[in-house]
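Right, one structure below, let's go through it.
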Amino acid sequence: MVWRHCRRHLAHSLNEYSPEGLPAEVAKLFKLKKGTPVIANRQRFYDTYDVPVMFCFNFFYPNRYKVCNLQNWALGQTI
């Protein structure tokens with residue numbers, strides 16, 4: 001999808017996880033109380049020139065979701 005829409009190859013990502021309380025608008029979507037403790041995840045994806053390509057922001061509710069992360073884009077792979 002990234003290549004098709006942006007014409008860029010992803011090389012790596014930077015993932016930051018932090019404990020946070022759910023903001024009101026997100027809590028309402030998940031039918032949880034505002035401020036419910038969750039794990040927030042901010043991801044920045046970079047191309048082969050180390051230029052940011054996209055950004056993602058996610059919330060993980062630990063009682064319902066387990067975080068497991070493996071990201072490898074075949075380092076050293078020729079294009």
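From a predicted model like this one, the values you see are computed outputs, not experimental measurements.
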Nearest 0.5 Å, what's the CG-NZ distance between L22 and K34? 11.0 Å
Does any non-hydrogen side-chain atom of L10 lie less than 4.5 Å from one of M54? yes
Minimum heavy-atom separation for N41 to F60, with atom names? CB-CE1, 3.5 Å
Exceeds 12 heavy-atom contacts within 6.0 angstrom, atom OH of Y17: yes
To the nearest 0.5 Å, how far apart are OH in Y49 and NE2 in H9? 9.0 Å
By the salt bridge (charged side-chain N to carboxylate O under 4.0 Å, His left out) test, which pairs, at least two apart or in different chains, include something from residues 35-61? R8-D47, E20-R42
side-chain contact (heavy atoms from CB on, under 4.5 Å) between F55 and Q43, intermediate numbers included: CA-CA 6 Å; F55 176 79; Q43 297 176 292; over 6 Å; no
Separation between CG (N58) and CD1 (I39), nearest 0.5 Å, reads 11.5 Å
What closest approach, in Å, do Y61 and P37 show between heavy atoms, and which atom pair accounts for it? CD1-O, 3.9 Å
Atom CZ in F59, atom OG1 in T36: separation rounded to 0.5 Å? 11.5 Å
Which atom names give the shortest non-hydrogen contact between Y46 and V53, and what distance separates them? C-CG2, 4.1 Å
